[in-house]
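Numbered from 1 within each chain, the chains take letters A, B, ... in sequence-line order. Here the structure is a predicted model, which is why all the values come from computation and not from measurement. Excluded from the calculations below are hydrogen atoms, water molecules and symmetry mates; all remaining heavy atoms, backbone and side chain alike, are included.
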There are 2 protein chains.
Amino acid sequence: MTLNSGASPATVDLTAVIVAMIDGEPCILTVQSGANDRDTLPCGPLQPDHRTLQAGLRSWVEYQTGLRLGYMEQLYTFADRNRAGGDDGPADQDVRPVSVAYLALVHDANPQTGRATAWQPWYDYLPWEDWRTERPPVVDRLLADLGDWRDQAPSAAKRRRRAERLRLTFASGSTPWDEERSLERYELLYGAGQVAEAWHDQGREPPAGILGRSDRSMATDHRRILATAMGRLRGKIKYRPLLFELMPPTFTLLQLQRTAEALSGTRLHKQNFRRLVERQQLVEATGQHETRTGGRPAQLMRFRPAVTLERPAPGLGIKAGGRSTRRA
Amino acid sequence: MTLNSGASPATVDLTAVIVAMIDGEPCILTVQSGANDRDTLPCGPLQPDHRTLQAGLRSWVEYQTGLRLGYMEQLYTFADRNRAGGDDGPADQDVRPVSVAYLALVHDANPQTGRATAWQPWYDYLPWEDWRTERPPVVDRLLADLGDWRDQAPSAAKRRRRAERLRLTFASGSTPWDEERSLERYELLYGAGQVAEAWHDQGREPPAGILGRSDRSMATDHRRILATAMGRLRGKIKYRPLLFELMPPTFTLLQLQRTAEALSGTRLHKQNFRRLVERQQLVEATGQHETRTGGRPAQLMRFRPAVTLERPAPGLGIKAGGRSTRRA
DNA sequence: GCCATTAATGCTCAGTTCGAGCATAAGGAG
DNA sequence: CTCCTTATGCTCGAACTGAGCATTAATGGC
């Protein structure tokens with residue numbers, strides 16, 4: 001049983017979801033694609049001179065956008081055959097597109113980028129994910145359409161299954177909103193034909209009112225990759241000090257909280273957030289104060305890098321959402 | 001900026017870490033490789049007729065071992081160029097080996113498998129990971145050698161960094177053992193030349209006493225993949241009901257606990273474990289009893305599949321290890 | 001049948017964490 | 001000076017955790 005025998009050729013694309021905070025909003029770096037008006041994530045093929053996947057991605061991003069990436073982690077590898085379908089032209093049947101997606105975080109947030117790149121708020125692409133101020137209006141419309149989709153299930157069993165998935169991902173009934181399930185939500189929407197990509201992938205034109213038809217859409221499966229990144233990041237800030245990869249060198253605790261909220265798409269209790277951060281000793285005071293807070297000046301804090309090495313799992317054990325999940 | 005332009009060809013290997021409990025031990029399915037005596041994980045190239053990566057892996061495993069896989073999740077994608085190096089013969093410089101690793105769990109645990117496959121206890125490959133009964137003896141030897149490695153660092157800064165990594169991964173000093181860091185431990189050992197693969201990858205013969213030299217070793221980077229799988233599984237059973245993918249249809253709470261312990265490589269408090277499982281309502285009594293317990297008969301339980309759909313994040317919130325992690 | 005052994009199962013208790021909110025401090029705008 | 005805004009300190013009850021004691025119900029010897 002040898003390895004690599006009879007393998008079909010494949011090309012490996014590296015794709016990056018690069019996140020930065022700009023004016024308090026989580027933004028991703030996008031590249032305007034030429035053909036249609038849909039944005040793409042920075043990406044490029046793995047090349048022979050790339051020592052590792054990470055190195056390859058770094059060099060592509062630096063080449064395409066001039067950006068030096070900081071924190072980086074692998075997200076997922078996609079290789080579904082239908083990826084290449086859709087209206088981007090006929091796919092090469094012999095070469096399967098394999099794409100390895102990475103999540104990267106940068107502090108810089110220099111809004112003006114070179115070439116055809118731009119920072120876009122990530123909620124432009126996944127508007128149902130932002131619950132910071134209110135239940136997003138689009139959710140109401142979606143829930144109505146998804147209700148129809150559920151009722152049109154071909155069998156009673158499937159109807160039940162759809163109902164469960166709906167309840168779990170979209171917080172209907174007493175189930176609380178779980179901000180980490182962004183990928184599940186996207187995939188449910190895809191399966192229900194509620195995002196434009198679901199139609200494009202079948203070579204059809206999405207009907208009016210479908211998400212990403214007229215408003216922000218993305219090429220191929222890039223919005224799915226974004227949803228993956230969002231879920232991963234939302235989960236990971238709870239147990240690793242990733243937030244600080246997005247913060248400037250010094251910041252106030254409220255800025256830190258706003259960043260956590262912006263990423264999670266939820267609201268947090270201010271005093272408890274401070275308690276958490278302080279207990280974990282993730283930050284230390286610089287001695288300076290920020291006076292332009294609109295109220296009492298706030299201490300400027302800095303990340304205490306030692307924690308990375310000190311404790312097993314540093315991070316703010318945020319428990320966003322999660323009303324009563326107890327037994328009846 | 002087009003995708004897939006100028007890509008170098010790559011072959012995509014699918015590799016599976018297939019875990020089953022056999023006689024209370026976590027075992028992985030291995031394939032005896034022909035050339036040298038090192039075991040490999042079941043794997044095979046992605047082929048054009050595979051619709052998805054998962055489907056491809058399923059079909060490879062079924063073909064190689066006759067096993068139908070149940071639960072499955074993607075682990076990581078490896079593509080380091082040095083992968084193909086070592087004493088397996090010269091690597092094809094033009095084709096980069098990309099391997100997508102999956103974790104799969106099976107209930108069956110039918111010890112006799114077909115062909116050249118065998119179930120091997122996973123601690124045979126990573127013996128320093130089993131802390132169920134005691135601090136594994138091999139850890140003492142490793143700590144000594146790793147101490148030398150630390151002291152031989154080329155600079156003071158690197159020495160400090162090595163010391164921190166050591167403390168964090170190998171629980172020296174007051175830092176508690178963190179069973180989830182299996183991959184970090186493997187990589188530290190690799191970097192310190194304490195596993196045979198580190199030497200093989202440079203085309204050198206490992207000196208005596210190196211882990212995996214005479215005892216269990218694995219082909220190419222399969223042991224690294226195993227370490228990845230172990231860490232993932234150890235982490236995930238804490239918040240997802242994965243344990244049940246490894247259990248028979250009915251089981252006692254102690255059996256469930258032993259499985260959790262076997263995977264984590266740690267011990268758990270019995271009464272608290274029961275409390276946890278019951279509070280989460282993960283299982284329900286079948287009404288039957290297991291009498292061959294050696295003591296008072298135990299209720300036979302079954303998994304309550306409804307939970308998968310009921311709550312956001314079911315799973316036993318196990319807190320293994322973790323003595324005092326508090327502030328000084 | 002009696003006893004030691006082994007597990008299963010029930011229960012307690014103190015320390016910690018969590019969610020929520022009250023109260024006070026310290027700036028700026030008018 | 002007063003109001004508004006944010007920072008920061010503190011409290012309280014509910015829930016959760018870690019650790020251990022106590023009781024129950026089998027088994028194997030005798």
| field | Nucleotide D:dG20, atom P - distance to CZ of B:Arg274 in whole Å | value | 18 Å
| message | Quick check with a 6.0 Å cut-off and a 45 degree axis cone: is A:Arg267 positioned over the face of A:Trp177's six-membered ring? | response | no
| said: Using a strict threshold of under 4.0 Å (side-chain N to carboxylate O), is an ion pair present between B:Glu25 and B:Arg132? | reply: yes
| request: Determine whether any donor atom in the side chain of B:Arg296 lies under 3.5 Å from an acceptor atom in the base of D:dT24, or the reverse, and answer yes or no. | output: yes
| query | To the nearest angstrom, how far is B:Arg275 atom CZ from D:dG18 atom C1'? | reply | 8 Å
| note | Of the candidates D:dC21, D:dT8, C:dC18, the side chain of A:Leu276 sits closest to C:dC18
| remark: Rounded to whole Å, CD of A:Glu278 lies from P of D:dC10 at a distance of 11 Å
| query | How is A:Leu254 classified with respect to the nucleic acid when contacts are heavy atoms under 4.0 Å: base, sugar-phosphate, or nothing? | reply | sugar-phosphate
| Which nucleotide sits closest to the side chain of B:Ala298: C:dT9, D:dT6, D:dG20? | C:dT9
| task | For B:Gln257 and C:dA7, give me the distance from atom CD to atom C1', rounded to whole Å. | result | 12 Å
| said: Using a strict threshold of under 4.0 Å (side-chain N to carboxylate O), is an ion pair present between A:Glu179 and A:Lys238? | reply: yes
| query | Is the phosphate of D:dA7, meaning OP1 or OP2, less than 4.0 Å from a side-chain N or O of A:Gln299? | reply | no
| said: Rounded to whole Å, how long is the line connecting atom CG of B:Asn272 with atom C1' of C:dT16? | reply: 14 Å
| said: Between C1' on D:dT6 and NE2 on A:His289, what's the gap in Å once rounded to a whole number? | reply: 14 Å
| said: Could you measure the distance from the CD atom of B:Glu290 to the CG atom of B:Leu300? Nearest 0.5 Å is fine. | reply: 5.5 Å
| Is B:Arg167 paired with B:Glu164 through a side-chain N to carboxylate O contact shorter than 4.0 Å? | yes
| Closest nucleotide among C:dA8, D:dT8, D:dC21 to the A:Gln271 side chain | D:dT8
| task | Using atom CZ of A:Phe273 as one end and atom C1' of D:dT6 as the other, report the distance to the nearest whole Å. | result | 15 Å
| said: Just the rounded figure in Å: distance from P of D:dT5 to CD of A:Glu290. | reply: 18 Å
| task | Would you mind telling me which of D:dC16, D:dA22, D:dA7 lies closest to the side-chain atoms of B:Arg279? | result | D:dC16
| field | A:Pro297 vs B:Gly295, nearer the 5' end of DNA chain D by closest nucleotide | value | A:Pro297
| field | Listed nucleotide nearest any side-chain atom of A:Lys270, set D:dG20, C:dA7, D:dT6 | value | D:dT6
